[in-house]
Amino acid sequence: MEHHKLGVVPSGVELGAAITLSAVVVKEARYKRLCKSKKILTVNGKFPGPTLHVHKGDTILVDVYNRGIYNITIHWHGVKQPRNPWSDGPEYITQCPIKPGHRFTEKVIFSEEEGTLWWHAHSDWSRATVHGAIVIHPKHGTSYPFPKPLGEVQLIFGEWWKADVMQVYRQFMASGGAPNISDAYTINGQPGVLYPCSKRDTYKLKVEYGKTYLLRLVSAAMNEILFFAIANHNLTVVGADASYTKRSTNDYAP
């Protein structure tokens, strides 16, 4: 696959059986968190980036346009990509980075995966803000191996630094020490009510009493192992890394 200069490409165009062409644009956008505004690298101006919805067995082509100021790659985390490592993201390993002002077409093959994964940048620390969920639905005509929930929700856990994340990256690379601790944890890009200037925009999930919901959890944290719990509730884990598992019920999920 070749790198190309930026142009205009249609999004969501059907190219054949189970093959779809989509376009994403990596660009800077201004966001305000913790009472402070700064520019961050995003996909399509969104933080977190858009959720990719596919079905088991699909193949997609994604045109990645780099309108940012850094080299970039996109990695499809957990997607096996059988016999197709050439657009899997790790820069200088399976592909060259996409230079600013260029685009790259990535082929993504969803073979055996079914469930929740995520995509993210795979160059330097760009993935701190360049990431999003992948929802792999069952094949058409099939369903989940458990009763269908009333609703599905993607929850992406992340970190937020008041400083430019690339400055944080360069500092710890130069010093040889650990990176500075983030200033906040986020759920779907929003800090919680315990952080300053955050109460109004704190992420809230409205549910119907007594009903079951499928929570698709993604940890986009850079340096932390996070645990998730809902007060006075139990969680039943039904899958991990786009594979179904033996069900396990606990008061938290790792």
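Side chains are part of it too, since the values below use all heavy atoms of this structure and drop only hydrogens, waters and symmetry mates.
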Any side-chain heavy-atom pair of [X] and [Y] under 4.5 Å:
X: Val26; Y: Ile98; answer: no
X: Leu215; Y: Ile230; answer: yes
X: Leu41; Y: Ile72; answer: yes
X: Tyr65; Y: Val24; answer: no
X: Leu34; Y: Pro191; answer: yes
X: Thr42; Y: Tyr31; answer: yes
X: Ile60; Y: Ile109; answer: no
X: Lys56; Y: His137; answer: no

Between Asp88 and Gln95, do the side chains contain a donor N or O and an acceptor N or O under 3.5 Å apart?
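No, no side-chain donor-acceptor contact under 3.5 Å.
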Is it true that Glu106 and Trp76 share a donor-acceptor pair across their side chains at a distance under 3.5 Å?
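Glu106 and Trp76 do have a side-chain donor-acceptor pair below 3.5 Å.
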Do side-chain atoms of [X] reach the backbone of [Y] as a donor and acceptor pair under 3.5 angstrom?
X: His131; Y: Arg127; value: yes
X: Arg216; Y: Gly115; value: yes
X: Tyr195; Y: Tyr185; value: yes
X: Asn66; Y: Gly68; value: yes
X: Ser198; Y: Pro196; value: yes
X: Asn188; Y: Tyr203; value: no
X: Tyr70; Y: Asp124; value: no
X: Asp183; Y: Trp161; value: no
X: Asp164; Y: Met166; value: yes
X: Asn84; Y: Lys107; value: yes

Taking atom [atom1] of [X] as the centre, report whether more than 12 heavy atoms of other residues, nucleotides or ligands fall under 6.0 Å from it.
X: Lys32; atom1: NZ; result: no
X: Arg83; atom1: CZ; result: no
X: Lys80; atom1: NZ; result: yes

Hey, what's the ring geometry for His122 with His75, parallel, tilted or perpendicular (30° and 60° as the breaks)?
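Correct class here is perpendicular.
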side-chain hydrogen bond (donor to acceptor under 3.5 Å, both in side chains) between Ser123 and Asn71, intermediate numbers included
CA-CA 7 Å; Ser123 46; Asn71 289 345; over 6 Å; no
Using the side-chain hydrogen bond (donor to acceptor under 3.5 Å, both in side chains) rule, collect all pairs that involve residues 226-253, keeping only residues at least two apart or in two chains.
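Every pair satisfying side-chain hydrogen bond (donor to acceptor under 3.5 Å, both in side chains) with a residue in residues 226-253: Glu114-Tyr244, Thr236-Thr249.
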Find the distance between CH2 (Trp119) and CG (Leu52) and round it off to the nearest 0.5 Å.
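It comes to 9.0 Å.
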Spacing of CH2 belonging to Trp125 relative to CD belonging to Gln167, to within rounding of 0.5 Å:
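These two atoms lie 12.5 Å from each other.
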Cation-pi check for Trp160 against Lys38: NZ or CZ below 6.0 Å from the six-membered ring centre and within 45 degrees of the axis, yes or no?
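The answer is yes; both the distance and angle limits are met.
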With clusters defined by side-chain heavy atoms of hydrophobic residues (ILVMFWY) lying less than 4.5 Å apart, directly or transitively, does Leu235 cluster with Tyr213?
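Both belong to a single hydrophobic cluster.
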ILVMFWY network linking Ile134 to Ile74, side-chain heavy atoms under 4.5 angstrom
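In one cluster with Ile134: Ile74, yes.
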With Thr105, the side-chain contact (heavy atoms from CB on, under 4.5 Å) member among Val64, Val62, Asp63:
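Single side-chain contact (heavy atoms from CB on, under 4.5 Å) partner of Thr105 among Val64, Val62, Asp63: Asp63.
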